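Take a look at the structure set out below.
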Amino acid sequence: MEIVQLSALKDNYIYMLICEETGMTGVVDPTSAEPVLKWLKDNNKKLDCIFNTHHHWDHIGGNKKLQKKFPNCEIVAPASEMERIPDIDLPVFDGYGVRLGQCRAVVIEVPGHTTGHVAYWFEKDNALFCGDALFSLGCGRMFEGTPTQMWNSLKKIRNLPEETQIYCAHEYTEDNAKFAETIETTNPLLKKYHQRITKMQSENISTIPSVLAIEKAINPFLRCDHPSLKQAIGMPDSTAEEVFAEIRARKDNF
Ligand code: ZN
Ligand code: FE
C-alpha cells in the first residue's frame, strides 16, 4: 500500500491510501475535500473509500463533497458515531476487518477523545491510522471519555508491534515534546528526539509518521505505568489511570 500525506488547515494531516495491486484509492480523515480532489486529479485517480476515525469536523469535513463527486465512494466510520457522521456506508466496530483492494485493516476501538473513536491497523503495511487518539509524544484531549477508558485505548495501541508506524492526524509533535520534557525531565532519548524533530520542523519536514517503539520510550501518555515516570511526577503509589488523569490534566493547562 502506498501512503501519501497531505496537509490541511494549520496542522491537520490527511492520508491518501493506494492499493498498488488494484489501484483502488482511499482517504483517511478528509478535513476538507479540496486537497484530496487536487491530489486525485494530479494523480489521475478516483476515490473508492473514505475512512473516518471519529466525528470531529476536521476529520469528516470533506466527506460530503467527495462522495458527491465520487458516488461509489464508501464511507467507513465508527458504528457508535453513526448519528454524528452523516451517510455512513459501512459502520465498523472493534475487530471488524475492512479492505481497500488487496489491502486489509482491522478496526481497533480507541475511545476517550470521542466515545466511538476508532483506529485502522493495516498490519501487513505496519501502519496505524489513529486520528486524534494518539499523537507523536502526546495524545488527544479527553473530550468524551474517562481516564480509564483512554488509558485502556492507549494500552491497546501500545500492544501493537514495535515497528508500527503511527500516522496520527495532527502535527503537534514539537509542542508535545516541550510538555513531555516537563514530565520526564531526565529521559535522555526524549531530549535527543526533541532536538531531531525541532530540526525537522525548521526544515518544514513532517515528524509523522512516528514509530511505536520510539513512542513507547518517550511519549509520557504511553508510560503511565512506568515506575520512573510515576516517581518523576511524585505519584509513586498511584495507579496508571490516576497517573494518566494527572498528566492529561497538566497537558490541558500547559
Ligand atoms: Zn478530534
Ligand atoms: Fe482533530
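Quantities reported herein were computed from a predicted structural model and do not represent experimental measurements. Counting starts at 1 for both ligands and their atoms, in listed order.
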- Task: Take the Fe ion (ligand 2) as the vertex and measure to OD2 of Asp58 and NE2 of His59; round to 10°.
- Result: 90°

- Task: Determine the sole option in Phe129, Tyr120, Tyr96, Tyr15 for which the ring pair (Phe, Tyr, Trp, His ring centres under 6.0 Å) test with Phe51 is passed.
- Result: Tyr120

- Item | Worked check of side-chain hydrogen bond (donor to acceptor under 3.5 Å, both in side chains) between Glu171 and Thr173 | CA-CA 6 Å; Glu171 178 65 64; Thr173 318; 3.3 Å; yes

- Query: Are Leu137 and Ile183 joined in one hydrophobic group, where the rule is that I, L, V, M, F, W and Y side chains link up if heavy atoms are under 4.5 Å apart?
  - Reply: no

- Query: Once the angle between the rings of Phe179 and Phe221 is folded into 0 to 90°, is it parallel (under 30°), tilted (30 to 60°) or perpendicular (over 60°)?
  - Reply: parallel

- Query: Under 2.8 Å from the Fe ion (ligand 2), is there an N/O/S atom belonging to His170?
  - Reply: yes

- Taking both backbone and side chain into account, is any N, O or S atom of His59 nearer than 2.8 Å to the Zn ion (ligand 1)? no

- Query: Any N/O/S of Asp132 under 2.8 Å from the Fe ion (ligand 2)?
  - Reply: yes

- Is any N, O or S atom of His117 under 2.8 Å away from the Zn ion (ligand 1)? no

- Message: Nearest N/O/S atom of Asp132 with respect to the Zn ion (ligand 1), by atom name, please.
- Response: OD2

- Task: Could you walk me through whether Arg104 and Phe122 pass side chain to side chain contact (heavy atoms under 4.5 Å, CB included), step by step?
- Result: CA-CA 6 Å; Arg104 289 162 185 278; Phe122 290 79; 5.9 Å; no

- Taking the six-membered ring for Trp, is the centroid-to-centroid distance between His117 and His55 below 6.0 Å? no

- Message: Need the atom name: nearest N/O/S atom of His56 to the Zn ion (ligand 1).
- Response: ND1

- Task: Confirm or rule out an N/O/S atom of Asp58, from backbone or side chain, lying less than 2.8 Å from the Zn ion (ligand 1).
- Result: no

